[in-house]
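Labels below follow one simple rule: chain letters A, B, ... track the order of the sequence lines, proteins then strands, and each chain is numbered from 1.
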Number of protein chains: 2
Amino acid sequence: MAKIKCQVDQCACSVCHVLQRSDWRVLAGDDLAILSSGVAMRHYRAGETIYWMGDANRGIHCVSSGLVGVRKIDAEGNSVLLRLGYPGDTLGYRSFLMGSEHKTSAETLEPTALCHVRPETVAQLLERNPSLGLQFLRRASDELEQAHHAIFQSVTLSNRQRFVHLLLVLARRHGRPRPDGSRTIRLPLSRGDLASMIGTRHETLSRIIGRLEADGVANFSGRLVHVPKLDALAEELEPGMAA
Amino acid sequence: MAKIKCQVDQCACSVCHVLQRSDWRVLAGDDLAILSSGVAMRHYRAGETIYWMGDANRGIHCVSSGLVGVRKIDAEGNSVLLRLGYPGDTLGYRSFLMGSEHKTSAETLEPTALCHVRPETVAQLLERNPSLGLQFLRRASDELEQAHHAIFQSVTLSNRQRFVHLLLVLARRHGRPRPDGSRTIRLPLSRGDLASMIGTRHETLSRIIGRLEADGVANFSGRLVHVPKLDALAEELEPGMAA
DNA sequence: CAAACGATTTGACGTCTGTCAAATTCTTGG
DNA sequence: CCAAGAATTTGACAGACGTCAAATCGTTTG
């Protein structure tokens, strides 16, 4: 017998390594079996497009590994990165549930594995198990709160403060703590995407980075960031701030 | 017999004048009766607070008439108006479903009538009729899309363009078309709130308004706006724009 | 009706940001 | 390993914005 390539985590959602972090965790038993039968995993290289804004919805995606960027674009070429999708996150559920075209584009930012769930399967599961809908609702509520928070910050915080905030968020996911309390972060984004996330241009971001280095708060080398003291970063967001 | 004050639209949701515009329209029969029994209408004057950001959730509100403002505030006194609630809109459903405190404050911007639905009633209805949850999900999706759109615009449009866009949106709800094609709008918001909605300060908005008047695009007198040609306004949002 | 208060407008000024352009660095395919 | 192309940084400059302050205007309260 030829050895069978390990497909355990590809074919059986019930033993998926991100199940407990995903929306599908509300399912069990037969529901999980139905899910498994309607799922196909696909591997993407970095920089591939999963779907375009305006495309018709063709099911829901679940991030198995890697990193996905969700963005809005327009005819003039403006592009704004709205959020990042990590393992366990669900993509495309909104346009599926609204019966509309995709309102955002999604692309891989790293080599990524995605599980695609067929629309009929999602519909079937939603009908069998109402808690799945409520789970999607929780996800939407959470995303909405994050969006509101971003809007609020774009009005009340400076570009520098917003970038520092973004750095702190990225540090949580992509940072490696060092024994001496400092932290190294490998940014998963280009300067342009970082800039669009805080609502400015990449040239401006470049200057903000320059000032952060001059102030000794962080050191940048390409996509590598070294933060000597996370606390010093966090203090920049405090109300009582000195220039 | 003393005349009974008309309470038809206050006590029976099944004949509510905004039912078909509200999330509750997915209910029928017994469900509607249950809703009615768990609902109480209350009249607010303009400027009253319905709930504060940080308050524990105590049920869901449904706007019957009037206008509600949903905003985020912080300790320094920054305040950003995030959206407006019109008759038929639902308030407070997110914190209810997430079991969290309110993430935003809500206040009346005009004399307003709200129907309050007790938490137990909402829970009961959600359990009896899964489509209610899906309806809330549709609402959350819609709000999320609007929030994403706002974020995108805050990056790609100028302050003036964002204000023009806001004017066009307000014109739809609060504008009165004139026979000659012009339009009069009664703004329901102060300059400060208008400014926060486009992400700037009230002084800056004042100057934008001044320029709009100088350009003959619109005339402002307090909260009254007169727009000679709506098309001229809409053209400001077109890609090919001259200074 | 008048005073008091808040909202709005206007002015002055320094800083920040966007734009255009060029230099530099980094990546990637050959 | 080199070269072409993309990404990033830096410079220069004008315009826009935020802040502080003062002047108007409008509304509310006594």
Side-chain angles (χ1 to χ4, degrees), chain A residues 45-48 69 76-81 107 109-111 153-164 186-215 218-225 236 239 241-243, chain B residues 45-48 69 76-81 107 109-111 153-164 186-215 218-225 236 239 241-243:
Chain A
R45 296 177 311 143
E48 288 192 80
E76 285 94 275
N78 296 113
S79 164
V80 175
L81 193 55
E107 78 200 53
L109 297 170
E110 295 175 357
Q153 287 200 333
S154 79
V155 180
T156 57
L157 263 48
S158 68
N159 278 341
R160 172 166 173 157
Q161 286 177 307
R162 291 207 296 283
F163 181 58
V164 165
R186 174 159 201 88
L187 300 175
L189 304 172
S190 71
R191 295 288 192 266
D193 278 339
L194 289 171
S196 83
M197 288 193 88
I198 63 171
T200 189
R201 304 281 150 173
H202 57 100
E203 297 98 325
T204 300
L205 177 59
S206 232
R207 292 184 174 106
I208 292 173
I209 288 176
R211 275 174 248 154
L212 286 176
E213 293 196 306
D215 295 347
N219 287 75
F220 293 77
S221 171
R223 291 190 173 192
L224 277 182
V225 191
E236 299 232 355
M241 52 151 208
Chain B
R45 297 177 310 143
E48 288 192 79
E76 285 95 274
N78 296 112
S79 163
V80 174
L81 193 55
E107 77 200 53
L109 297 170
E110 294 175 356
Q153 287 201 333
S154 80
V155 180
T156 57
L157 262 47
S158 67
N159 278 341
R160 170 164 172 157
Q161 286 177 308
R162 291 208 297 283
F163 181 57
V164 166
R186 174 160 202 88
L187 300 175
L189 304 172
S190 71
R191 295 289 192 266
D193 278 338
L194 288 170
S196 82
M197 288 193 88
I198 63 172
T200 189
R201 305 281 152 175
H202 58 99
E203 297 98 323
T204 300
L205 176 59
S206 231
R207 291 181 174 107
I208 291 173
I209 288 176
R211 275 176 248 152
L212 287 176
E213 293 196 306
D215 296 346
N219 287 76
F220 293 76
S221 170
R223 292 190 172 191
L224 277 182
V225 191
E236 300 232 356
M241 53 150 207

Between P of dT8(C) and CD of E213(B), the distance in whole Å: 14 Å
Atom-pair distance (CD1 on I198(A); P on dC16(C)), nearest Å: 15 Å
Taking atom C1' of dT17(C) as reference, at what distance in whole Å does atom CG of L157(A) sit? 17 Å
Using whole Å, report how far CG of L205(A) lies from P of dT17(C). 11 Å
Grab the CZ-P distance between R223(B) and dT9(C) for me, whole Å please. 12 Å
Would you mind classifying the nucleic acid contact of R211(A) as base, sugar-phosphate or nothing, using non-hydrogen atoms under 4.0 angstrom? sugar-phosphate
In terms of heavy-atom contacts, A195(B) and L205(B) come closest through N-CD2, 3.6 Å
Rounded to whole Å, please give me the gap between CD1 in I208(B) and C1' in dG15(D). 14 Å
Whole angstroms only, please: what is the CZ-C1' distance between R162(A) and dT17(C)? 12 Å
Considering all heavy atoms, the nearest V155(B)-G199(A) contact: CG2-CA, 3.7 Å
So, is R201(B) close to the dT19(D) phosphate, meaning a side-chain N or O under 4.0 Å from OP1 or OP2? yes
Closest approach of V164(B) to E236(B) (non-hydrogen atoms, all atoms of both residues): CG2-OE1, 3.9 Å
Comparing G222(B) with T200(A), nearest DNA chain C nucleotide closer to 5' gives the residue G222(B)
Would you say N159(B) places a side-chain N or O within less than 4.0 Å of OP1 or OP2 belonging to dC17(D)? yes
If an axis is fit to five pairs at each end of the helix from dC1(C)-dG30(D) to dG30(C)-dC1(D), what is the angle between the two, to the nearest 10°? 50°
Please give me the minimum heavy-atom distance between R191(A) and F220(A), naming the atom from each residue. NH2-CB, 4.1 Å
Report yes if a side-chain nitrogen or oxygen of T204(A) is closer than 4.0 Å to either non-bridging phosphate oxygen (OP1 or OP2) of dT17(C); otherwise report no. no
Nearest listed nucleotide, side chain of S190(A), among dT8(C), dT8(D), dA21(C): dT8(D)
Roughly how far, to the nearest 0.5 Å, is the OG1 atom of T200(B) from the CZ atom of R162(B)? 7.5 Å
Of all heavy-atom pairs linking S196(A) and S79(A), the shortest is CB-O, 3.4 Å
Does R207(A) contact dG11(D) through a side-chain donor or acceptor facing the base, at a distance under 3.5 Å? yes
When the distance from CD of E203(B) to C1' of dA7(C) is rounded to whole Å, what number comes out? 12 Å
Any chance you could measure L81(B), atom CG, to E107(B), atom CD, to the nearest 0.5 Å? 7.5 Å
